[in-house]
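Structure first, commentary second.
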Amino acid sequence: MSIYDTLNKEQKAAVLQTEGPVLLLAGAGSGKTRVLTHRIAYLIDEMGVNPWNILAITFTNKAAGEMRERVDKLVSFGAGQVWVSTFHSACLRILRQHIDRLGYGNSFTIYDTDDQKTVMKNVAKRLNLDPKMYRERALLSEISSAKNELISVSEYEKEAAVDFGKSVYAKVYREYQETLQANNALDFDDIICKTVELFRQCPDVLDSYQERFQYIMVDEYQDTNTAQFELVRRLADKYRNLCVVGDDDQSIYKFRGANIRNILDFEKYFPEAVAIKLEQNYRSTQFILNAANAVIHNNEGRKEKALWTNRTGGHKVLFRQFDSAYEEAEYIAADILHRTQKEGSAYKDYAVLFRTNAQARLLEERMIMEGIPYNVVGGTNFYSRMEIKDILAYLKTIDSGRDDVAVRRIVNVPKRGIGNATLEKLEDYAQLRGIGLYEAMEHEDEIMGLGKTAAKIVPFVRLIQGFRRECPQLEFPELIRRIVELTGYGEYLQDYDEESAEDRMANVDELVTKAAGYAQEHPEASLTDFLSEVALVADIDKVDGDDDRVLLMTLHSAKGLEFPAVYLAGMEEGLFPSYMSANSADISDLEEERRLAYVGITRAMDDLILTCARTRMIRGETQYNAVSRFVQEIPEEILEGGTSRRRKVQSPPAGDGAFRKHPESEVPMDKGAGAGGGGTPPFGRPKAIVRPTATAKADKPFIAKGIGSLNRLAGISKGGAYQAPQELSYAVGDRVFHVKYGDGNVVSIEKEPRDYKVTVSFDKAGQKIMYASFAKLKRL
DNA sequence: TTTTACTTCGTTTTT
DNA sequence: CGAAGTAAAA
């Protein structure tokens with residue numbers, strides 16, 4: 001019996017259809033990842049395809065990692081040669097090789113949303129735009145959609161000549177793009193569309209990749225945008241072995257430019273395509289599946305699918321409404337605790353999903369109070385924290401110095417007395433000479449009118465020059481520590497905000513740890529490589545499946561995951577569906593929201609619990625919300641539970657508690673009740689519901705700010721977290737071994753507050769300075 | 001030039 | 001409620 005016999009008929013067909021275009025319509029939980037991995041295995045083991053010639057594109061790095069792992073297990077040999085990556089990292093790899101053909105430097109930097117805003121702010125200022133009329137957000141989103149549609153600056157200008165409303169945007173687009181190029185930077189959208197541009201302009205480059213990737217697979221195809229489609233289409237144009245997998249019902253990234261027509265029209269672009277539907281669901285119970293089907297059925301213009309399962313039994317979908325969001329959170333935490341104790345299930349069997357990141361906080365507080373180990377996925381990305389961005393800006397400046405945004409960020413951090421006035425003079429000079437900000441600072445003596453501030457610039461330039469000199473000798477973690485040390489960044493954090501300083505410093509330490517891990521895994525990597533790796537990590541990527549923790553995340557982050565028990569919190573009109581989409585003139589906005597509900601429901605394997613609150617604080621205002629229409633769309637016969645008017649849920653009722661015995665004795669839902677579906681708040685609202693201040697104050701210090709600090713709270717250190725060694729097993733003069741550099745002699749050892757600084761003269765690699773906790777030197 | 005006190009305004013969602 | 005931006009003070 002072969003591994004392929006475990007597949008059902010359709011899955012098997014999809015695996016065996018290796019040649020030509022394939023459209024795989026895979027419903028939620030229908031085992032599409034299994035199909036993809038088996039297909040890769042089949043290509044290699046049975047069809048004799050060189051693993052080198054296979055490209056698999058996933059949505060997140062985490063998904064890529066999982067797929068790689070599974071392929072490794074399945075394939076007898078050579079799985080490591082398969083390219084499994086996201087669109088962004090695949091394109092980044094390609095661009096690092098060839099972007100010089102488009103007039104950029106190959107060590108370009110990547111701008112995140114924050115950096116984009118900074119650039120846009122400057123652009124708007126330069127063009128004298130009224131910030132009230134033209135918001136950065138709006139400008140950026142217009143440019144982003146243009147890029148996602150592969151509309152270049154000059155094409156946009158042509159459109160603007162006809163459409164007067166676009167003329168301002170056209171100017172902004174040009175200015176923005178020129179600024180990026182001057183800084184040798186790409187934004188997220190550029191990573192994709194510059195690759196397409198590369199393929200368009202350099203047929204030889206395209207050809208080499210077409211030869212390389214003879215078999216291409218794309219996961220989550222419903223979330224690709226036009227640029228990504230074009231990219232894939234060109235790559236696959238020669239051999240036409242393109243297999244896309246997706247589910248139009250799970251398309252939830254329209255706001256990011258995802259074009260649902262990519263999947264709906266696939267057969268138009270590839271008329272010879274074979275379409276296969278996967279409709280058997282292996283994940284959820286019949287109840288959960290029915291609920292999902294009932295909800296999604298309200299959408300129009302979708303490819304009809306009939307998801308079915310042979311899983312019988314299970315529990316009905318549970319619905320509970322609470323007076324306040326606090327009670328909702330209390331219930332969820334208490335219920336999880338109760339279930340884990342009753343059923344002996346693990347914490348990682350539970351996920352709490354919600355529409356907006358802001359909802360995480362209340363839930364988080366409650367988890368802490370109940371002592372439940374948890375992780376919040378998303379929110380502020382680790383790499384977008386102030387302190388991390390500061391350090392990264394130093395690294396970027398050391399690495400290239402062409403990135404004005406980075407230079408500007410750190411030039412006065414910590415305070416060096418270089419303020420706006422000075423910077424403006426520097427920028428004028430830089431503009432005049434056509435050089436970067438940092439370069440201008442190197443010529444500080446040539447600039448008129450700087451006066452005595454010129455003297456403040458010199459030490460900064462010296463500092464950067466010093467780092468650059470040391471850089472070749474230092475590993476990334478040591479370099480980061482050196483930055484912290486020489487700039488006095490620790491003291492700066494203290495100065496900045498005493499309360500958060502410790503947490504922030506811990507984040508910096510975590511960055512050091514990450515840098516060490518990266519350096520170890522990629523011994524040949526340059527600073528540029530490290531910086532670009534860091535730019536593309538999503539929050540979900542860092543979730544460790546082995547951690548026994550409840551996961552708290554948005555519905556968007558939950559895509560592609562599954563859990564035995566899922567809580568969907570905040571099922572309220574105005575929140576989910578959001579106020580924006582519910583009131584939108586465009587029905588498709590609401591439909592996307594409904595697909596999101598569908599994604600949420602289908603994450604659950606055995607138990608699905610929907611909760612909502614009558615009142616909720618949003619932006620400092622108490623809002624009164626009706627039950628979400630998505631709850632109403634679930635047939636009553638598969639829904640259980642109702643409203644709870646009790647003020648406090650001490651502990652959930654054991655077994656089939658009171659509220660479950662008599663669901664009919666309580667109002668099951670607010671169907672038709674209250675002020676109507678629009679969620680109009682009643683007049684004469686009471687004062688905001690306030691919890692006892694004692695509690696509120698008591699748990700405040702415990703609100704952890706991220707995964708890193710949570711681990712510290714729980715006293716857990718993740719693998720690789722550094723531990724300053726008490727004593728070293730080697731001394732000056734000893735022969736030691738290092739994983740990367742080989743053998744060498746210890747030249748000197750310096751004790752520092754947190755660690756030992758060891759200088760080793762390696763036989764082959766020369767002299768290096770490293771920290772003992774990372775170097776893991778072994779005495780010979 | 002930097003710090004501070006005050007006003008304004010808004011987020012769905014993220015690679 | 002907060003972040004972020006603005007005006008005024010130090």
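Chain identifiers are assigned alphabetically (A, B, ...) following the order of the sequence lines, protein sequences preceding nucleic acid strands; residue numbering begins at 1 within each chain.
Backbone-only engagement by A/Phe59 is indicated by non-hydrogen atom pairs under 4.0 Å involving sugar-phosphate atoms exclusively. A/Ser578 comes within contact range of at least one nucleobase, with a heavy-atom separation under 4.0 Å. Across all strands, A/Phe576 comes closer than 4.0 Å to no nucleic acid atom at all (heavy-atom distances). Residue A/Asn61 is out of contact with every strand shown, counting any heavy-atom pair closer than 4.0 Å. In this structure, A/Ile418 reaches the sugar-phosphate backbone alone: every heavy-atom distance under 4.0 Å involves primed, P, OP1 or OP2 atoms, never a base. Note on A/Glu592: nothing from the nucleic acid sits closer than 4.0 angstrom, heavy atoms only. A/Arg135 comes within 4.0 angstrom of sugar-phosphate atoms only, judged by non-hydrogen atoms across all strands, and of no base. Among the heavy atoms of the strands, none lies under 4.0 Å from A/Lys254.
A close approach under 4.0 Å does occur between a side-chain nitrogen or oxygen of A/Ser557 and OP1 or OP2 of B/dT14. At least one side-chain nitrogen or oxygen of A/Thr422 sits closer than 4.0 Å to the OP1 or OP2 atom of B/dT1. At least one side-chain nitrogen or oxygen of A/Lys121 sits closer than 4.0 Å to the OP1 or OP2 atom of C/dG5. Contact annotation: A/Lys117 does not reach the phosphate of C/dA4 (side-chain N/O to OP1 or OP2, under 4.0 Å). The side chain of A/Arg137 contributes an N or O atom lying less than 4.0 Å from OP1 or OP2 of B/dT11. OP1 or OP2 of B/dT14 has at least one side-chain nitrogen or oxygen of A/Thr554 nearer than 4.0 Å.
The separation between A/Ile252 atom CD1 and B/dT14 atom C1' is 10 Å, rounded to whole Å. The interatomic distance linking A/Glu136 (CD) with B/dT11 (C1') rounds to 15 Å, in whole Å. We find that CD1 of A/Ile618 is positioned 14 Å from P of C/dG2, with the value rounded to whole Å. What separates CG of A/Leu140 from C1' of B/dT14 is a distance of 14 Å, to the nearest Å. For A/Glu220 and B/dT14, the CD to C1' distance is 14 Å, given to the nearest whole Å. Atom pair A/Lys62:NZ and B/dT14:C1' shows a separation of 16 Å (rounding to whole Å applied). A/Glu621 has its CD atom 11 Å from the P atom of C/dC1, to the nearest Å. As a whole-Å value, the separation of A/Tyr383 OH from B/dT14 C1' is 17 Å.
When each of A/Gln228 and A/Asn412 is assigned the nucleotide of DNA chain B with its nearest heavy atom, A/Asn412 is the one assigned upstream, toward the 5' end.
Cation-pi geometry between A/Lys194 and A/Phe108 is not met at under 6.0 angstrom from the ring centre and within 45 degrees of the axis.
Centre separation under 5.5 Å together with a plane angle under 30° holds for the ring of A/Phe255 and the six-membered base ring of B/dT13, marking them as stacked.
Side-chain proximity of A/Arg256 to the nucleotides B/dT13, B/dT11, B/dT14 is greatest for B/dT14. Of the candidates B/dT13, B/dT2, B/dT11, the closest approach to any side-chain atom of A/Asn357 belongs to B/dT13. In this structure, the nucleotide among B/dT2, B/dT11, B/dG10 sitting nearest to the side chain of A/Arg619 is B/dG10. Closest contact between the side chain of A/His556 and the listed nucleotides B/dT15, B/dT13, B/dG10 involves B/dT13.
The shortest distance between side-chain heavy atoms of A/Lys254 and A/Asp589 falls below 4.5 Å.
Residues A/Ile94 and A/Thr195 come closest through the heavy atom pair CG2-CG2, 4.2 Å. A/Pro577 approaches A/Leu590 most closely through the heavy-atom pair CB-CD1, 3.7 Å.
No donor-acceptor pair under 3.5 Å is formed between the side chain of A/Asn259 and the backbone N or O of A/Thr226.
As the counterpart of B/dT14, no nucleotide is assigned, since no Watson-Crick or G-U wobble pattern has both distances under 3.5 Å.
When the P atom is used for both B/dT13 and C/dA4, the distance is 15 Å, rounded to whole Å.
In this pair, A/Phe255 and A/His556 present their aromatic rings perpendicular. The plane angle is above 60°, beyond the 30 to 60° band.
Contact check on A/Asp248 versus A/Arg302 returns no salt bridge, with no Lys/Arg side-chain nitrogen under 4.0 Å from an Asp/Glu carboxylate oxygen.
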